[in-house]
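The structure appears right after this line, and notes come after that.
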Amino acid sequence: MIKLLIWLMIAAAVMAGVVFFKKTENKKKTYIVAVGSLLAAAVALWMQGSFAWHMSLLAILGLSLVTALLFMKMEEREQQEKERLKQERKDRKKQAVEPPKLPKAEKESEKEAQPIREKSEKVFGMESIGPVGKGN
């Protein structure tokens with residue numbers, strides 16, 4: 001039993017060392033893994049002398065579960081943020097490609113707004129020349 005707990009503590013310490021010395025982009029996830037493994041090792045060391053061996057293993061398992069849940073929660077938040085940014089980029093790209101369209105009501109109001117040309121009483125320019133072939 002003691003060999004098993006010592007092996008788990010050494011493994012947790014080695015894992016924490018690897019996590020701290022490894023260069024990563026997201027330090028929060030690195031710290032979650034490192035602190036979780038060190039906490040599991042510390043609890044196992046403390047429980048080893050005063051509790052039964054299965055209680056120590058259950059404590060290590062529980063702390064590992066909590067660490068995994070925290071890690072996955074961080075991963076999920078990052079993924080949601082990436083999806084949100086991706087959707088925003090798609091929307092901006094879509095708006096840049098499509099020209100603004102006027103609704104039908106505005107098009108009709110533009111047509112109505114144009115004045116209707118009626119023949120004026122005075123004759124100017126080419127209107128003074130009659131149609132060809134009809135005589136003057």
Side-chain angles (χ1 to χ4, degrees):
M1 169 55 206
I2 294 189
K3 289 180 184 179
L4 178 65
L5 287 179
I6 290 173
W7 181 81
L8 284 174
M9 288 182 276
I10 290 171
V14 167
M15 183 180 184
V18 168
V19 169
F20 277 123
F21 294 120
K22 179 182 171 187
K23 292 185 179 184
T24 60
E25 292 179 15
N26 192 346
K27 291 290 185 182
K28 277 186 178 180
K29 290 193 297 187
T30 304
Y31 290 140
I32 287 173
V33 170
V35 168
S37 62
L38 288 176
L39 186 63
V43 167
L45 182 64
W46 173 71
M47 290 182 77
Q48 182 176 330
S50 57
F51 289 95
W53 65 272
H54 64 277
M55 295 300 288
S56 299
L57 288 178
L58 285 175
I60 291 171
L61 182 65
L63 289 172
S64 299
L65 178 65
V66 169
T67 302
L69 288 174
L70 288 172
F71 184 85
M72 289 310 295
K73 192 66 172 174
M74 293 294 296
E75 190 73 27
E76 181 183 2
R77 284 183 186 166
E78 286 179 4
Q79 196 171 28
Q80 286 176 349
E81 183 68 19
K82 286 179 184 177
E83 287 294 323
R84 184 185 63 81
L85 292 173
K86 184 178 177 182
Q87 187 64 34
E88 285 179 3
R89 281 192 300 257
K90 273 186 179 179
D91 292 343
R92 275 191 247 128
K93 189 175 182 181
K94 198 174 196 181
Q95 287 176 355
V97 171
E98 292 179 1
K101 296 180 180 178
L102 297 174
K104 288 184 179 180
E106 290 181 15
K107 287 182 181 178
E108 290 175 3
S109 65
E110 285 180 6
K111 289 180 182 177
E112 292 174 4
Q114 294 176 350
I116 300 173
R117 298 182 87 190
E118 295 181 10
K119 273 197 163 180
S120 61
E121 295 176 9
K122 295 183 180 181
V123 179
F124 296 102
M126 295 299 287
E127 290 178 355
S128 64
I129 302 173
V132 177
K134 293 205 175 183
N136 291 343

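Residues satisfying the ring-ring contact (aromatic ring centres under 6.0 Å, His included) criterion with Phe51, sequence neighbours excluded, are Trp46. Taking Gln79 as the reference, nothing meets the side-chain hydrogen bond (donor to acceptor under 3.5 Å, both in side chains) condition, with sequence neighbours excluded. Every residue meeting the salt bridge (charged side-chain N to carboxylate O under 4.0 Å, His left out) condition with Arg92, not counting sequence neighbours, appears here in chain and number order: Glu88. Contacts of Glu83 classified as side-chain hydrogen bond (donor to acceptor under 3.5 Å, both in side chains), with partners at least two apart in sequence or in another chain: none.
Of all heavy-atom pairs spanning Met55 and Met47, the tightest one is O-CE, 3.6 Å. In this structure, Ile32 and Thr67 approach most closely via the heavy-atom pair O-CG2, 3.5 Å.
In this structure, Val43 and Ile60 have side chains that are not in contact, with every pair of non-hydrogen atoms separated by 4.5 Å or more.
Other members of the cluster containing Leu69 are Leu65, with ILVMFWY side chains joined at under 4.5 Å, either directly or via other members.
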